[in-house]
Amino acid sequence: MNQMNQVHVRVHPHVRGPKVERFVYSQFAEHLGRCIYPGIWVGDRKDIPNDGGIRLDVVEALKALEIPALRWPGGCFADNYHWMDGIGPREQRPKRHNLWWKQSESNAFGTHEFLRFCEMIGTEPYICVNVGSGTVEEARSWVEYCNCVEETHLTQLRAQNGAPTPWKVRFWGVGNELWGCGGRMRPDQYADLFCQFANFMRRTDPTIELIACGSSSQNMEYWNEIFLERVFSYRLHHWGPLFEYLAIHHYLGRTLSDLNFTDDDYYGLIGELDQLRKHVEKAAALCRAYSTPDAPIRLIIDEWGTWYVEAVTENGLYQQNTMMDAIVAALGFHLYHDYAEDIFMTNMAQTINVLQALILTKGPKMCKTPTYYVFDLFRGHKDGERLPVDVSSPPLPRVEGRAAVSVSATRAREKGQVTLSLVNAHLEVPASVAIDLGQPVTRVEGRILASDDVHDHNTPDEPERVVPRDCKVAPNADGTVTVELPPHSVAALTVSL
Ligand code: AHR
């Protein structure tokens, strides 16, 4: 290595920007492949330590990440899921066919199990109801079952099933991908159904926050516009706002391989983030246009991440997760920080064993992926105020308009600590990054995720090939900080001023 990119960063720690919502670091888990069974639920298997069927190694790993929200039960599965199948004595629950992911569904993991799992890992549940093949009453009654205090047949049933106290689930999605697996609907058709579902769900519990199904990368040119136009066209909003959030989906790398990728593939994948930015920009502009001061609509990206050619229905959308995924995750979060005013939540797909997973399991073994460690490194950003950052960096090769090094900064509201995340996306050239915060730094600590080869990854048999380590960083005599970033690496610094 005979070259080193020189990068200069100026952070403005006293110009406080919008809050980076902690919900930006949320997750999505669907009844798909091995995500729920056996990623979360192992039933009475003796070889995997569990608490009432929920595997404890996964709980421990996810609890440590403090994931703000978890979306469930799908995905495509949601629009063919009938929630009453998943309550009551487990041995009496009906077996069903998982229509979209072509597997058998035991219904052993239902509402109670999901909400218990959320409690165990300390996350806020986000339930997506069935619009495509369900009824308004089915969706409404699910809200009643989970949230209502008043004594009714359903709340008594909940108590009989072991939960006398309501869970008060805050986030409710009204269907999933209605243009596709959710029912092949037109946006105007979904808009009409959406109003009906949202009306009865909201009336059942006025405190819930509702999420409408927005666009994917394939229909971003028209879906949101037509949907919003239709929902707002009849001025029915004098009944009060119908929803709080519009959710879009965006996957990356659909023509690439998880492990057999070339340098061109890698840079091409990073280039795809520009498409994600366009999608976010377009959807955010519409949310702003339809927001009013007392009824804001904020953006959610409730499915995103890499989806490679290896991930097919037959293998339950399983794929490996390398340092390339870590770089994409980190740059994705930097993009979301740029839209902190607009974005309320993002849910990477999916938590365990599916797509850009945090955890991969094999029988009783598991590993944390490089993407897991990005969530870990970026934890200091949660609920921080975004700070302006000027970065002067050489360009990234083969990706027009992108710098080799990307930096994002937030300041914790109370403690005043600054968190800086840095990504060197260059495949060959390391970077020396000089950071000036405009005042002397008294203390700085850092951790870095780096590996010799961008293809490096962890497996349940070799779980510690890619792990973060402390990074050598100290204040310079002039009060600035210098940090060295190897090629394809992600670092996070905590700075005390
Ligand atoms: O995350 C996998 C699938 O991708 C989801 O079920 C669906 O919503 C999307 O198309």
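Just so it is clear, the values below take in all heavy atoms, side chains as well, and ignore hydrogens, waters and symmetry mates.
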K.L.:
Crowded around Asp453 CG? As in, over 12 foreign heavy atoms under 6.0 Å?
P.N.:
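For Asp453, atom CG is crowded (more than 12 foreign heavy atoms under 6.0 Å).
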
K.L.:
Under 6.0 Å from the CD atom of Glu281, do we count more than 12 heavy atoms belonging to anything else shown?
P.N.:
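Above 12, so yes.
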
K.L.:
Decide yes or no for Glu209 and Tyr245: does some side-chain heavy atom of the first lie under 4.5 Å from some side-chain heavy atom of the second?
P.N.:
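They are in side-chain contact.
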
K.L.:
Say you draw a straight line from CG of Asn147 to OG1 of Thr207; how long is it, rounded to the nearest 0.5 Å?
P.N.:
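Atom-to-atom, Asn147:CG and Thr207:OG1 are 6.0 Å apart.
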
K.L.:
Kindly say whether Leu358 contributes a backbone atom to a donor-acceptor pair with the side chain of Thr369 at under 3.5 angstrom?
P.N.:
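Such a contact is found between Thr369 side chain and Leu358 backbone.
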
K.L.:
Please check this pair: side chain of Asn50 against backbone of Val42, looking for a donor-acceptor N/O pair closer than 3.5 Å.
P.N.:
no

K.L.:
Kindly state whether the ring of Trp167 and the ring of Phe114 have centres lying under 6.0 angstrom apart.
P.N.:
no

K.L.:
Suppose we call two aromatic rings close when their centres sit under 6.0 Å apart. Are Tyr308 and Phe261 close by that rule?
P.N.:
no

K.L.:
How many angstroms lie between NE2 in His457 and OG1 in Thr371, if you round to the nearest 0.5 Å?
P.N.:
12.5 Å

K.L.:
Are any side-chain N or O atoms of Glu30 and backbone N or O atoms of Phe77, one a donor and one an acceptor, separated by less than 3.5 Å?
P.N.:
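Such a contact is found between Glu30 side chain and Phe77 backbone.
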
K.L.:
Could you pull out all residues at least two apart from Tyr373 that satisfy ring-ring contact (aromatic ring centres under 6.0 Å, His included)?
P.N.:
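With neighbours one apart ignored, the set is empty.
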
K.L.:
Just so I know, are the side chains of Phe171 and Phe23 near enough to count as touching, which here means a heavy-atom distance under 4.5 Å?
P.N.:
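In short, these two side chains touch, coming nearer than 4.5 Å.
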
K.L.:
Using a 4.5 Å cut-off on heavy atoms from C-beta on, say whether the side chain of Glu21 contacts that of Ile343.
P.N.:
no

K.L.:
Whether Arg71 engages the ring of Phe28 as a cation-pi pair (distance to the six-membered ring centre under 6.0 angstrom, angle to the ring normal within 45°) should be assessed.
P.N.:
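Because its charged atom sits under 6.0 Å from the ring centre and within 45° of the axis, Arg71 does stack over Phe28.
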
K.L.:
Can you establish whether the number of heavy atoms outside Arg398 located under 6.0 Å from its atom CZ is more than 12?
P.N.:
yes

K.L.:
Do Arg447 and Asp470 sit within salt-bridge range, that is, some charged N less than 4.0 Å from a carboxylate O?
P.N.:
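No.
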
K.L.:
Decide yes or no on salt bridge (Lys or Arg N to Asp or Glu O under 4.0 Å) for Arg116 and Asp51, but give the supporting numbers first.
P.N.:
CA-CA 10 Å; Arg116 187 161 74 85; Asp51 177 347; 3.6 Å; yes

K.L.:
Does any donor atom in the side chain of His250 or Gln275 lie under 3.5 Å from an acceptor atom in the other side chain?
P.N.:
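The answer is no; no qualifying pair exists.
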
K.L.:
In Å and rounded to the nearest 0.5 Å, what is the OG1 to CG distance from Thr123 to Leu65?
P.N.:
10.0 Å

K.L.:
Which atom pair, heavy atoms only, marks the closest approach of Asn176 to Cys181?
P.N.:
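Shortest heavy-atom contact: ND2-SG, 3.8 Å.
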
K.L.:
Measure the acute angle between the ring planes of Tyr81 and Trp142, then classify it against the limits of 30° and 60° as parallel, tilted or perpendicular.
P.N.:
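Tilted.
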
K.L.:
Flag yes if more than 12 heavy atoms outside Glu400 fall under 6.0 Å of its CD atom; otherwise flag no.
P.N.:
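At most 12 heavy atoms, drawn from other residues, nucleotides or ligands, come within 6.0 Å of this atom.
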
K.L.:
Could you tell me if the side chain of Tyr266 sits less than 4.5 Å from the side chain of Leu427, heavy atoms only?
P.N.:
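Sidechains of Tyr266 and Leu427: in contact.
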
K.L.:
Tell me whether His8 contacts the main-chain N or O of Gln6 through its side chain, where contact means a donor paired with an acceptor under 3.5 Å.
P.N.:
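Not a single qualifying donor-acceptor pair exists.
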
K.L.:
Please report the C-alpha distance between Leu252 and Leu269 in whole Å, then the side-chain angles of each, then the deciding distance to 0.1 Å, and finally whether the side-chain contact (heavy atoms from CB on, under 4.5 Å) criterion is met.
P.N.:
CA-CA 7 Å; Leu252 304 138; Leu269 179 59; 3.8 Å; yes

K.L.:
Between His337 and His381, is the ring centroid distance below 6.0 Å?
P.N.:
yes

K.L.:
Between Thr459 and Gln320, is any pair of side-chain heavy atoms under 4.5 Å apart?
P.N.:
yes

K.L.:
Closer than 3.5 angstrom, by distance alone: can the side chain of Arg34 be matched with the main-chain N or O of Thr361 as a donor-acceptor pair?
P.N.:
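Checked: pair present.
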
K.L.:
Work out which heavy atom in Leu449 is nearest to a heavy atom in Pro370; give both atom names and the distance.
P.N.:
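So the minimum-distance heavy-atom pair works out to CD2-O, 3.5 Å.
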
K.L.:
Are the side chain of Asn424 and the backbone of Leu485 linked by a donor-acceptor contact shorter than 3.5 Å?
P.N.:
yes

K.L.:
Should we count NZ of Lys362 as having more than 12 external heavy atoms under 6.0 Å?
P.N.:
no

K.L.:
Using the rule given for salt bridge (Lys or Arg N to Asp or Glu O under 4.0 Å), can you reason through Lys472 versus Glu484, listing the C-alpha separation, both sets of side-chain angles and the distance that settles it, and then say yes or no?
P.N.:
CA-CA 8 Å; Lys472 279 193 211 126; Glu484 291 198 358; over 6 Å; no

K.L.:
Scan for salt bridge (Lys or Arg N to Asp or Glu O under 4.0 Å) pairs involving residues 247-259, sequence neighbours excluded, and state none if there are none.
P.N.:
none

K.L.:
Which heavy atom in His249 sits nearest to a heavy atom in His279, and how many Å separate them?
P.N.:
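In this case the closest contact between His249 and His279 is O-CE1, 3.4 Å.
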
